[in-house]
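Contents: one structure, followed by commentary.
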Amino acid sequence: MITDGAVGGLYHVCTALAAGLSLLITTDPGWPWPARFVGFSRVPVTMVPVYARERGYRLRVEQLAEVIERRSLLYLIDPLNPLGSSYGRAELEAIAELARASDSLIVHDCTYRHFAQGHTLMAELYPEGTLTTYSFSKWLGLAGLRVGALVGPPGLMGTLTGVPANPLGAGITAQRAAIAGLEVKGPWLGRLRAVNAANQQVVSDAVTASGLGRVLVQPSHGNFLAVDIGESGWTADGLCAALLERDVFIRPGTYQSPLFGERFVKVSTSVPPEWARRFASAWSAAAAGEEPR
Ligand SMILES: Cc1ncc(COP(=O)(O)O)c(C=O)c1O
């Protein structure tokens, strides 16, 4: 199903299926929108805390087992924005088993899959209960064109396509751009992943050398790095503002985490290499307490 960005598909799933759901399960940190979407129908939300090194900064099966109920919807972001962690096949199998046993659905949000090393699709393991989102915004940079997709088994998709959110179709310019991108996907991804990896190295070297913060998941499976600044004396918003004064835009954790948002910032890395170098000098200067020029 072609949607208006991956988020258009998420909105549709969360509103169209809400009446049959007992609970939405998501993570903190995570991406806030699906929890807000089901809020329209007063579906309760459980946010499982995953900001923990010993848990690999991702949802563990034991944590899910404690909260899952019959007819839950698990919103599983993988790779996880904003931390950069990802799930191995065995973990996904165990999660699928819990979902199957409780008659629950899984939305596998694969927005950042193209940057991951060794990504497994939940749809291979739990095809009857998984809806997978597809985004063109990150790997292809089409965020402003608003095109994405939702993929799932015929039964579930029948409900969703019966009354689409965009019955007159998604924008044709965006669809043409997406098709053009798919035609050159192999070589384009090869180059993009190399630039992303090199930029992550530049960012992480700068963080280490500065003594300000610690990269949480390395290598990140996304096109970003999360940096813990909990011990630094900076607030996330304060540090982002200080970098913005040096013409560098990074995100505070507060956008994506009610519990841990002040402890980290997120740095995007699928950017021109020059920007990564600019980040490095701005971060070092902020760490050294220099005034912006
Ligand atoms: C986890 C996650 N899901 C979905 C989206 C939305 O993607 P799209 O631009 O395709 O709507 C984003 C964008 O930031 C995201 O981080």
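Indexing begins at 1, ligand by ligand and atom by atom, following the structure's order. Just the heavy atoms: all of them, side chains too, but no hydrogens, waters or symmetry mates, feed the values below. What you see is a predicted model; the values in this text were computed from it and never measured.
Qualifying side-chain hydrogen bond (donor to acceptor under 3.5 Å, both in side chains) partners for Gln201, counting only residues two or more places apart in sequence or in other chains: Asp205.
Centroid-to-centroid, the aromatic rings of His114 and Tyr134 come within less than 6.0 Å. Between Phe224 and Tyr112, the distance from one ring center to the other falls under 6.0 angstrom.
At a threshold of 4.5 Å between non-hydrogen side-chain atoms, the residues Pro82 and Tyr255 do not count as touching.
Between Phe40 and Tyr11, the two ring planes are perpendicular [angle over 60°; tilted spans 30° to 60°].
Protein neighbours of ligand 1 below 4.0 Å, counting non-hydrogen atoms: Gly5, Ala6, Val7, Trp31, Tyr75, Ile77, Asn81, Asp109, Thr111, Tyr112, Ser135, Ser137, Lys138, Arg146.
Put simply, the side chain of Asn81 never gets that close to the backbone of Gly222: no donor and acceptor are under 3.5 Å apart.
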